[in-house]
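What follows is one structure encoded as structure tokens, with my remarks underneath.
As the structure lists them, so they are numbered: ligands from 1, and atoms in each ligand from 1. Just so it is clear, the structure is predicted and the values come from calculations on it, not from any experiment. Side chains included, hydrogens not; waters and symmetry mates left out as well; all remaining heavy atoms used.
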Amino acid sequence: MLAGKRIVLGVTGGIAAYKAVEVSRRLVDAGAHVVPVMTAGAEHFIGRTTLSALASEPVQTSLWDEASPIPHTRLGQGADLILVAPATARLLAAYAAGLSTDLLTNVLLATRAPVVVCPAMHTEMWEHPAVQANIATLRARGVHIVEPESGRLAGGDVGAGRLAAPEHIVAAVDAVLGGAGELAGLHVVVSAGGTREPIDAVRVIANRSSGKQGYAVAAEAAARGARVTLVSTVELPVPTGCTVVPVETAAQMQAAMEATAPGADVVVMSAAVADFRPVAAAEGKIKKDQGIPQIVLESTPDILAGLGAAKPAGQVLVGFAAETGDLVANATGKLERKRLDLIVANDVSAPGVGFQHDTNAVTLLRAGAPGEPAAATTVALTDKRSIARAVLDAVVEIRRGQTPPA
Ligand code: CTP
């Protein structure tokens with residue numbers, strides 16, 4: 001979606017300005033034409049030459065530099081998208097108030113193109129009611145906000161406010177520009193993360209799922225234009241275009257999936273659902289002096305099998321299979337038993353694969369015609385976004401096969 005797009009990249013004066021260089025490089029690599037605009041504050045943090053070298057044109061900083069008296073309207077009208085990364089509290093306030101004090105704020109007012117804003121600042125500033133009110137105002141006007149992430153901040157502090165990772169920013173831009181993508185108009189429901197089943201007030205039965213693969217599928221679906229509902233047990237940065245339904249237990253996930261899946265065009269069950277849960281969680285905390293507790297377990301409902309049994313015509317249902325034994329035989333069994341269209345099987349005992357890794361290697365098994373074996377495609381070890389692309393490519397192909405010829 002990025003190839004050939006003209007993107008004005010506004011950089012404001014925060015320590016994260018150095019990451020804008022990486023964002024620019026990634027956008028250019030993806031085929032976009034990047035027009036860089038820096039504020040006076042940004043020039044305290046990075047040099048014009050660096051950003052100019054990694055964008056598509058020299059940096060502009062002022063309303064008064066060139067012969068044209070109206071660079072802002074030229075930039076604003078000619079853009080397919082305006083991206084501000086990082087955006088300081090000052091920029092958010094000026095933009096929310098409609099205040100045009102420099103080239104960037106003028107460009108932001110002189111455009112009808114979609115705008116993506118990536119705030120970055122110290123936690124106290126990010127959480128300040130004034131900043132949050134400005135964010136809410138911008139959101140209500142349709143500005144896309146890429147929320148900051150938690151992590152190390154300038155001066156050694158740790159907390160929320162760190163600029164989103166360049167790959168997340170580029171994915172958000174891609175998602176916004178992908179409005180007319182191949183999943184446009186479709187509703188995709190994705191589950192992500194491992195469920196947690198309470199033992200008592202403080203303890204749970206959990207598993208090693210990080211949720212990263214599900215989030216990658218959700219982000220990729222949104223980038224292809226889908227409306228995405230993400231039923232999640234984890235708190236990762238929310239991909240642009242996705243609505244999160246937070247859940248914790250298998251029972252809550254089942255309720256959320258059963259509420260959203262019936263109307264969905266595509267359902268991807270990438271969550272690692274606990275297979276067993278305590279029959280009843282103890283009230284309060286089980287104390288050591290009560291002796292070693294005997295925890296009686298029961299089976300959880302198989303959410304995916306339920307979705308398969310109730311699958312509406314035309315819906316594509318995708319499951320995952322985490323295996324340690326005979327990958328294809330086990331996954332094919334699940335594909336058939338749970339009445340799926342596609343199963344994404346991974347051998348979680350292989351290095352770099354599955355739980356908690358940023359990479360994955362999978363075998364995609366597609367349901368064959370009755371009596372025919374499942375068709376298998378393997379995807380060698382790669383990043384989870386690339387796996388998500390392969391999964392959604394297969395979904396698109398399955399949908400094509402379902403559509404009766406015109
Ligand atoms: N799943 C589910 N509800 C459960 C267990 C699993 O919806 N209670 C879904 C998972 O989200 C996944 C698929 O079923 O998409 C396969 O999960 P997996 O754990 O690999 O298989 P199980 O059916 O649990 O079988 P086993 O544990 O015997 O391998």
Does the protein put a heavy atom under 4.0 Å from atom 29 (O) of ligand 1?
yes
Please table the atom pairs, donor to acceptor, closer than 3.5 Å between any side-chain atom in residues 156-172 and protein atoms at least two apart or in another chain.
unit_1, atom_1, unit_2, atom_2, d
D157, OD2, H122, NE2, 3.0
H168, ND1, E149, OE2, 2.6

Report the nearest protein non-hydrogen atom to atom 3 (N) of ligand 1: residue, atom name, distance rounded to 0.1 Å.
I303 N, 3.1 Å
Is M269 in polar range of ligand 1, meaning some N or O pair under 3.5 Å apart?
yes
In terms of heavy-atom contacts, R399 and G314 come closest through NH1-O, 4.2 Å
Against heavy atoms of T300, which atoms of ligand 1 measure under 4.0 Å?
8 (N)
Test your reading of the model: is there a side-chain donor-acceptor pair from T88 to the backbone of G13, 3.5 Å cut-off?
no
Does any N or O atom in E323 lie less than 3.5 angstrom from one in ligand 1, N or O only?
no
Does ligand 1 come near enough to S270 that some N or O of the ligand is less than 3.5 Å from an N or O of the residue?
no
Less than 4.5 Å apart, side chain to side chain, heavy atoms only: is that true for V348 and R208?
no
With R224 as reference, evaluate D393, D265, D174 under the salt bridge (Lys or Arg N to Asp or Glu O under 4.0 Å) test and give the passing residue.
D393
In a table with atom names and distances, give each donor-acceptor pair under 3.5 Å that connects a side chain of residues 283-299 to protein atoms at least two apart or in another chain.
unit_1, atom_1, unit_2, atom_2, d
Q290, OE1, K287, N, 2.6
E298, OE2, R277, NE, 2.9
E298, OE2, R277, NH2, 3.4

Between G319 and ligand 1, is there a nitrogen or oxygen pair with a distance under 3.5 Å?
no
Search all heavy atoms of M121 against all heavy atoms of L153 and return the closest pair with its distance.
O-CD2, 4.1 Å
Please could you name the atoms of ligand 1 that A271 approaches to less than 4.0 Å, counting only its heavy atoms?
10 (C), 11 (O)
Hey, is K338 one of the residues with a heavy atom under 4.0 angstrom from ligand 1?
yes
Would you say the side-chain atoms of Y18 and T50 include a donor-acceptor pair closer than 3.5 Å?
no
Between N134 and T137, is there a side-chain donor-acceptor contact under 3.5 Å, judged purely by atom types and distance?
no
Please compare A192, A250, P301 and report which has the shortest non-hydrogen distance to atom 8 (N) of ligand 1.
P301
Of all the atoms in ligand 1, which lie at a distance below 4.0 Å from a heavy atom belonging to D275?
5 (C), 8 (N), 24 (O), 27 (O)
Where ligand 1 meets A322 - atom numbers and elements under 4.0 angstrom, heavy-atom basis:
20 (O)
In this structure, atom 16 (C) of ligand 1 is nearest to the protein heavy atom F320 O, 2.8 Å
Ligand-residue contact atoms, ligand 1 with A321, heavy atoms, under 4.0 Å:
20 (O)
Please state which protein non-hydrogen atom is closest to atom 18 (P) of ligand 1 and give its distance, to 0.1 Å?
K334 NZ, 3.5 Å
Under 3.5 Å: N/O of L304 near N/O of ligand 1
yes
Go through K311 and D341 one step at a time and tell me if the salt bridge (charged side-chain N to carboxylate O under 4.0 Å, His left out) criterion holds.
CA-CA 10 Å; K311 187 168 72 132; D341 299 290; 2.9 Å; yes
